[in-house]
Amino acid sequence: MFRIHTAVMTAALTLAVSALASAQSSSDTVRTSRQAIRHDQRILAVDSTKLKPDLALRDSARATLAQDQAQTRTLAARLDSLRAQLDRDRKATPRDSVAVARDEKALDAARKAHDRDIRRDRHEEQHLASIEQRIDKVTDSRAATNQNIKQERSSLKARSDSAR
């Protein structure tokens with residue numbers, strides 16, 4: 001009788017230990033999924049803090065570029081005006097060589113200023129493009145992190161539903 005009691009006890013313990021082992025492994029998986037979600041949320045928070053200064057910098061660069069482009073358009077209009085003035089002075093019946101020389105000098109200075117503005121505009125555009133690339137990189141990282149969180153939550157929910 002003692003042997004039968006020991007055999008029954010051994011069988012019961014074996015079943016209990018295997019049930020506990022599967023519950024433990026399920027619990028480890030759930031804990032690991034929760035840790036992964038927390039990790040992804042921390043990464044998302046860090047990405048958000050990185051993104052805010054870049055967004056402000058992008059907005060500032062856009063405003064600067066818009067202002068520079070407006071100034072360049074103004075200089076282009078001034079160039080057109082100076083060209084027209086030079087043409088009028090050249091076609092004047094009593095030709096005023098002093099006025100023509102003055103207009104040519106002003107036109108040359110305006111061309112140089114316009115060229116500088118165009119170079120500055122190109123530089124600002126490149127700067128803005130590099131900022132937007134950084135923002136896109138962080139945004140893509142955030143999208144991937146959000147996707148990871150969604151997947152982990154759905155797998156966590158599926159595991160907890162199957163464990164019940």
Side-chain angles (χ1 to χ4, degrees), residues 25-164:
S25 67
S26 173
S27 173
D28 288 344
T29 308
V30 170
R31 188 177 323 127
T32 304
S33 296
R34 287 187 182 142
Q35 288 172 345
I37 290 171
R38 273 189 247 120
H39 177 263
D40 288 343
Q41 288 172 335
R42 279 192 302 267
I43 288 175
L44 192 59
V46 167
D47 286 347
S48 296
T49 56
K50 284 182 189 175
L51 191 58
K52 287 179 184 177
D54 285 340
L55 290 174
L57 190 60
R58 180 194 62 190
D59 293 343
S60 174
R62 281 183 179 169
T64 302
L65 180 61
Q67 184 179 5
D68 288 349
Q69 288 173 338
Q71 184 176 349
T72 302
R73 284 190 299 273
T74 303
L75 280 174
R78 179 167 158 67
L79 269 174
D80 292 341
S81 174
L82 287 172
R83 284 186 190 118
Q85 180 65 34
L86 181 60
D87 287 341
R88 279 193 300 266
D89 286 345
R90 283 184 180 160
K91 291 178 183 176
T93 308
R95 189 168 183 195
D96 187 5
S97 58
V98 174
V100 170
R102 182 186 64 229
D103 289 345
E104 286 175 345
K105 187 175 179 181
L107 183 62
D108 188 43
R111 277 187 192 140
K112 289 179 181 177
H114 186 256
D115 290 343
R116 275 193 312 270
D117 275 5
I118 289 174
R119 282 192 300 272
R120 186 185 63 231
D121 289 352
R122 286 184 189 142
H123 176 73
E124 287 293 326
E125 287 170 353
Q126 290 171 350
H127 180 63
L128 180 60
S130 70
I131 293 169
E132 287 178 343
Q133 284 177 344
R134 282 192 312 231
I135 289 173
D136 289 344
K137 184 179 177 183
V138 172
T139 304
D140 291 345
S141 172
R142 287 181 69 182
T145 303
N146 279 331
Q147 185 65 28
N148 287 344
I149 290 172
K150 287 178 186 176
Q151 288 174 349
E152 288 293 330
R153 284 185 178 157
S154 65
S155 67
L156 180 63
K157 184 178 178 184
R159 286 183 196 138
S160 65
D161 289 343
S162 66
R164 290 179 188 172

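With sequence neighbours left out, R95 forms a side-chain hydrogen bond (donor to acceptor under 3.5 Å, both in side chains) with no residue at all. D96 pairs by the salt bridge (Lys or Arg N to Asp or Glu O under 4.0 Å) definition with nothing, not counting sequence neighbours. Partners of K91 under the salt bridge (Lys or Arg N to Asp or Glu O under 4.0 Å) rule, at least two apart in sequence or in another chain, do not exist in this structure. The salt bridge (Lys or Arg N to Asp or Glu O under 4.0 Å) test applied to D89 returns no partner, not counting sequence neighbours. R83 is linked by a salt bridge (Lys or Arg N to Asp or Glu O under 4.0 Å) to D80, counting only residues two or more places apart in sequence or in another chain.
The NE2 atom of H114 lies 6.5 Å from the CG atom of L75; values are rounded to the nearest 0.5 Å. A distance of 10.0 Å separates NE2 in H123 from CG in D68, rounded to the nearest 0.5 Å. The distance from the CG atom of L79 to the OG1 atom of T74 is 11.5 Å, given to the nearest 0.5 Å. To the nearest 0.5 Å, atom CZ of residue R78 and atom CG of residue L107 are 9.5 Å apart. Note that CG of D108 is 11.5 Å distant from CG of L86, once rounded to the nearest 0.5 Å. If you take OG1 on T72 and CZ on R122, they are separated by 10.5 Å, rounding to the nearest 0.5 Å.
Note on residues 126-137: pairs passing side-chain hydrogen bond (donor to acceptor under 3.5 Å, both in side chains), not counting sequence neighbours, are R62-E132.
A donor-acceptor pair is defined here as one N or O able to donate and one able to accept, closer than 3.5 Å; no such pair exists between the side chain of S60 and the backbone of A56.
In terms of heavy-atom proximity, A110 sits nearest to L82 at CB-CD1, 3.6 Å. Closest approach of L128 and A61 over heavy atoms only: CD1-CB, 3.9 Å.
In this structure, E104 and R90 have side chains that are in contact, with non-hydrogen atoms separated by less than 4.5 Å. Considering only heavy atoms from C-beta on, E125 comes within 4.5 Å of Q69 through its side chain.
Ion pair D115/K112 not flagged as a salt bridge, since none of the NZ, NE, NH1 or NH2 atoms sits closer than 4.0 Å to an Asp/Glu carboxylate oxygen.
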